[in-house]
Asks: 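Provided herewith is a single structure, encoded as structure tokens, for subsequent inquiry.
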There are 2 protein chains.
Amino acid sequence: MANIQQVAQKAGVSVATVSRVLNHAASVSPKTRLKVENAIKELNYEPSMLGRNLRNSESRLILVLLPSVSNPFYTDIINGIQTTAIANSYHILLCETDSNPQRENIYFNMIKNKLADGVISMDPTVNMQKLNELAESHPVILCSEYEEGGSIPYVTIDSELAAYQAVKHLITLGNEKIALINSDEKFLYARQRRSGYERALKEFNLPTRAEWIYHTKDLEFQNGVQAIRMLLELEEKPTAIFAVSDTLAIGALKGINGSGLHVPNDLAIVGFDNISFSNMTNPTLTTVSQPMYKMGCTAANLLMQSMKGEQVESVVLDHDLIIRESTMG
Amino acid sequence: MANIQQVAQKAGVSVATVSRVLNHAASVSPKTRLKVENAIKELNYEPSMLGRNLRNSESRLILVLLPSVSNPFYTDIINGIQTTAIANSYHILLCETDSNPQRENIYFNMIKNKLADGVISMDPTVNMQKLNELAESHPVILCSEYEEGGSIPYVTIDSELAAYQAVKHLITLGNEKIALINSDEKFLYARQRRSGYERALKEFNLPTRAEWIYHTKDLEFQNGVQAIRMLLELEEKPTAIFAVSDTLAIGALKGINGSGLHVPNDLAIVGFDNISFSNMTNPTLTTVSQPMYKMGCTAANLLMQSMKGEQVESVVLDHDLIIRESTMG
DNA sequence: AATCATTTTGTAATCGATTACAAATTTCTG
DNA sequence: CAGAAATTTGTAATCGATTACAAAATGATT
């Protein structure tokens, strides 16, 4: 592969002139520009990013931290980030942390090593202390999960409100005994969704029972199956379920189908996230839709701003309640 | 962020010595090594990958081409690639082509630009001509989809055999009217799976009917729903379905459930790929499991070899038929 | 034609590492 | 302890681009 020197030689100009042509600088006469362009074509030259990156001390790579690519929750966010990044001639590096601090370190080092210019973190288990440290000297944006009162800009939705509306939807369908399948409340969104759940119940003077709130360890399908098993063994069984994630809801659905009960006649279910599979289950799942794609675009745009050195403000986006078969009795 | 010069100065040695310490070269006395290590710690120094990469003319980045990250089919392969890459101190760049030639070009250019050292392509719609051109001067490995008789090394399974076994399974359950939901036969795997399907039918002297072979445009859930709708309108309805992908099978399942028929009593279904969701459906789905994770590892290992300049041989891995509720009448 | 302003081009330093080769230091040997 | 051998360290070139500044070429004005 030819380098800039060889192009310059072939075109009979200096490397500076070639570089000017490459970067569309104004001050090149049409005549020499043509000579250079011909030389580039003849030699089949492609500028090396390695040289360029070193000189510009940027890699035009951004890191996207997430616990696992297998989680369908992230796919559309990633698409949004990706599209925005490419439009700004950046590339994204998907970084699976597996909630493993060692992996996380590898990625943080890539930033310090100048192998990447900025980070978008979607990992709720990320080491916030380290991330904050990193954010002091490098552009960092949080997406979806964030730190209340923290200094890192974020993009998210109003989880409390979304949960409130989801539960209210169940209430207006006539349900009075509504259970919550929540994840670990060490996560901010879990606390917010619980709070929305309780606000709706209080507003309608419905009972809140501790045994109707089930906390799962993870957000996996199996955790949902487990949760519904416990809830169905209660003396006072709920007639509706609000699960804080679709995978949990789909697990619950599977559990209910297995126990001979019918959704939504015996039990209504609302999930959260509107993952693509929520539309493929039987019955299809009512769920809260986050504007995933837009979240991704927004996060990427904030990061671009931050990398330009501009000040950025956090963004809260709108959500939607998608009503499907699992609540249409 | 400090650079190697500053470290050298602080330690009172030359940059060459610092570099030697960084790269664990043998010929550094313990005394100076200590001095350098202290200086590194004091200055909180991290070597810049940009400088290192330029000098070594490598980026230690590998490209993974795939049509879409949203497809659960790829997640475990990606995991395998990722793990192997990290173990060899490479990073992977997930490249969504969206089957869009322009996007593809961007990624091919990254290789030419030295922004990445090699490619693993899992994109069945990839421009094979361009990929072959690229492969002449850069390391390329195909994963899952491949070119018969081509010169690019690949990792895959024996699709024909897997299809044969899946259909044989349906036959031994007593089914005589077996439909195939295939994707576009421009794809090699589609032709191979059809061939396996036909081999099984022939072996048991069962009828093959053109109307029992349905070709979908894409591998999406909706295509499966559409397919089963057509098949159920036939005069001579099949009693079993073999779908060449789980998403199609799950679409078919949803369609059957919706029509009031029962799986597996009225219709048995076998899918292909064992995506995680195939275990969450109701009923759970019998499917052919490809060793996804291992495929990823193998592909990455082949690429590592190829990047070292070694000759590499293609690999065919074993598959499994996972029997679940959708064929357990 | 001489002078000055403007545009175009070239020279050389620079980004931050690695490494061949030379130089300096230490260790070994008789 | 002199000199050879082995080890450690330093000097300077190098990877491939960008860009400040200087120099050259062109054009405008009188």
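A note on names: the letters A, B, ... follow the listed sequences, proteins ahead of strands, and every chain is numbered from 1.
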Asks: Roughly how far, to the nearest 0.5 Å, is CG of A:L142 from CG of A:L131?
Replies: 6.0 Å
Asks: Closest approach of A:I152 and A:V140, non-hydrogen atoms and distance?
Replies: CG2-O, 3.4 Å
Asks: With a 4.0 angstrom cut-off to heavy atoms of chain B, pull out the first and last contacting nucleotide of DNA chain C, in 5'-to-3' order.
Replies: C:dG16 to C:dA20
Asks: Phosphate oxygens OP1/OP2 of D:dT9: is one of them under 4.0 Å from a side-chain N or O of B:S27?
Replies: no
Asks: For the helix from C:dA1-D:dT30 to C:dG30-D:dC1, what angle separates the axis at the start from the axis at the finish, each from five pairs, in steps of 10°?
Replies: 50°
Asks: Where along residues 3-24 of chain B does a heavy atom fall under 4.0 Å from DNA chain C?
Replies: B:N3, B:I4, B:A16, B:S19, B:R20, B:N23
Asks: Heavy-atom count check: over 12 atoms from other residues, nucleotides or ligands less than 6.0 Å from A:D318 CG?
Replies: no
Asks: State whether the number of non-hydrogen atoms from other residues, nucleotides or ligands found under 6.0 Å of B:Q9 atom CD is greater than 12.
Replies: no
Asks: So which one's nearest nucleotide on DNA chain C is more toward 5', A:T32 or B:R52?
Replies: A:T32
Asks: Picking from A:I62, A:L303, A:L65, what satisfies side chain to side chain contact (heavy atoms under 4.5 Å, CB included) with A:V119?
Replies: A:L65
Asks: About how many Å separate CG of B:L115 and CE of B:M110, when rounded to the nearest 0.5 Å?
Replies: 4.5 Å
Asks: Set out, in order, the CA-CA distance, both residues' side-chain angles and the distance that settles side chain to side chain contact (heavy atoms under 4.5 Å, CB included) for A:D273 and A:M292, then state yes or no.
Replies: CA-CA 9 Å; A:D273 291 341; A:M292 300 300 193; 4.3 Å; yes
Asks: So, do B:F108 and B:E133 sit near enough that their side-chain heavy atoms are less than 4.5 Å apart?
Replies: no
Asks: Could you walk me through whether B:S144 and B:V155 pass the side chain to side chain contact (heavy atoms under 4.5 Å, CB included) check?
Replies: CA-CA 6 Å; B:S144 174; B:V155 184; over 6 Å; no
Asks: May I ask you to say what B:L54 touches in the nucleic acid, namely base, sugar-phosphate or nothing, with a heavy-atom cut-off under 4.0 Å?
Replies: base
Asks: Under 4.0 Å from any atom of DNA chain D, heavy atoms only: list the residues of residues 39-47 of chain B that qualify, in numerical order.
Replies: none
Asks: Once side chain to side chain donor-acceptor pair (under 3.5 Å) is applied, what residue pairs with a partner in residues 300-316 of chain B remain, sequence neighbours excluded?
Replies: none
Asks: For B:N53, answer base if it contacts any base atom (sugar-phosphate contacts may also be present), sugar-phosphate if it contacts only those atoms, and nothing otherwise; contact means non-hydrogen atoms under 4.0 Å.
Replies: nothing
Asks: For B:L188, is there any backbone N or O sitting under 3.5 Å from a side-chain donor or acceptor partner on B:E145?
Replies: yes
Asks: Keeping to residues at least two apart or across chains, list the salt bridge (charged side-chain N to carboxylate O under 4.0 Å, His left out) pairs with something in residues 97-116 of chain A.
Replies: A:D98-A:R103
Asks: For atom CD of A:E220, is the number of surrounding heavy atoms from other residues, nucleotides or ligands below 6.0 Å larger than 12?
Replies: no
Asks: Select from B:R55 and B:K31 the residue whose nearest nucleotide in DNA chain D is closer to the 5' end of that strand.
Replies: B:K31
